[in-house]
Amino acid sequence: MALQELLEGAAQSVREVFGEDVEIYLGRAEQGVKRPCIFLEAEEGERRPLPCKREELVCTVTADYLPRKNEDTPRAAVEQLTQALAVVQVKDGPILRGTGTVGEVKSGRAQASARYRLVLSQKEEAHETMDAVSLCMTLYAPDGETDDTETEE
């Protein structure tokens, strides 16, 4: 699962909480936006190797609510953002629970963030082959002679 899929899942979760009246932008391009709107960004954190060609990725999703001009940012917007980030359903993937969820009003905006732990698996390369093939043959000799065993790698 890529960070883009996580962002799209977070956008869907935010849309369910805020409704269709709020524009949602993935990334940070504030020029020429329609207010009210929400910017969603994902920041990749630490990676930790796991068995079976997998790794754990910790990342943070931040939601930034930009209200209409001359509108006070209600505390309710912070609560809605933290509610939306608490559980994110990734399309055709797992349901992720946000941890360390925090929300605040700052600079006239509502902002919330949550951390997610993703397990990524590495796909095998098409050119990947086995290092060695072991072949064991037993040759049977007629009665009175000894058997020989050959092993070829």
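The analysis underlying the following values was restricted to heavy atoms, covering all of them including side chains, and did not include hydrogens, waters or symmetry mates.
- Considering all non-hydrogen atoms of both residues, Cys37 and Val22 come closest at CA-CG1, 3.8 Å.
- In this structure, the separation between CG on Leu66 and CZ on Arg109 is 5.0 Å, given to the nearest 0.5 Å.
- Once rounded to the nearest 0.5 Å, the distance linking OG of Ser113 with CG of Leu40 reads 11.5 Å.
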message = Using the rule given for side chain to side chain contact (heavy atoms under 4.5 Å, CB included), can you reason through Arg35 versus Lys69, listing the C-alpha separation, both sets of side-chain angles and the distance that settles it, and then say yes or no?
response = CA-CA 8 Å; Arg35 292 178 181 227; Lys69 291 191 184 220; 4.1 Å; yes
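- Summarising the geometry, atom CD belonging to Gln89 is positioned 9.5 Å from atom CD belonging to Gln12; distances are rounded to the nearest 0.5 Å.
- Residues near Val58 contribute nothing to a hydrophobic cluster around it, because no ILVMFWY side-chain heavy atom sits closer than 4.5 Å to its side chain.
- Closest approach of Leu96 to Arg117, counting heavy atoms only: CD2-O, 4.2 Å.
- Residue pairs meeting the side-chain hydrogen bond (donor to acceptor under 3.5 Å, both in side chains) criterion with at least one member in residues 90-99, sequence neighbours excluded, do not occur.
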Determine all donor-acceptor pairs shorter than 3.5 Å in which one atom belongs to a side chain in residues 75-88; sequence neighbours excluded.
{"residue": "Thr82", "atom": "OG1", "partner": "Val78", "partner atom": "O", "Å": "3.2"}
{"residue": "Thr82", "atom": "OG1", "partner": "Glu79", "partner atom": "O", "Å": "2.9"}

task = With side chain to side chain contact (heavy atoms under 4.5 Å, CB included) as the test, would you mind laying out the steps for Glu23 and Ile38 before giving the verdict?
result = CA-CA 6 Å; Glu23 289 290 321; Ile38 297 170; over 6 Å; no
request  = Begin from the C-alpha positions of Leu57 and Leu3 and carry the test side chain to side chain contact (heavy atoms under 4.5 Å, CB included) through to its verdict.
outcome  = CA-CA 10 Å; Leu57 170 65; Leu3 289 179; 4.1 Å; yes
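- Atoms CD and CG, on Glu5 and Leu118 in that order, are 10.0 Å from each other to the nearest 0.5 Å.
- Annotation: side-chain hydrogen bond (donor to acceptor under 3.5 Å, both in side chains) contacts involving residues 37-50, sequence neighbours excluded, comprise Arg28-Glu41, Glu44-Arg47, Arg47-Glu55, Arg48-Glu56.
- The ring-ring contact (aromatic ring centres under 6.0 Å, His included) analysis of residues 84-109, with sequence neighbours excluded, yields no pairs.
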inquiry  = Assess the residue pair Glu8 and Leu26 against the criterion (side chain to side chain contact (heavy atoms under 4.5 Å, CB included)); give the C-alpha distance rounded to whole Å, side-chain angles, the decisive distance to 0.1 Å, and a yes or no.
reply    = CA-CA 8 Å; Glu8 290 169 4; Leu26 304 181; 4.1 Å; yes
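- Residue pairs meeting the ring-ring contact (aromatic ring centres under 6.0 Å, His included) criterion with at least one partner in residues 75-116, sequence neighbours excluded, do not occur; the list is empty.
- In terms of heavy atoms, Phe39 sits closest to Gly27 at CD2-O, 3.3 Å.
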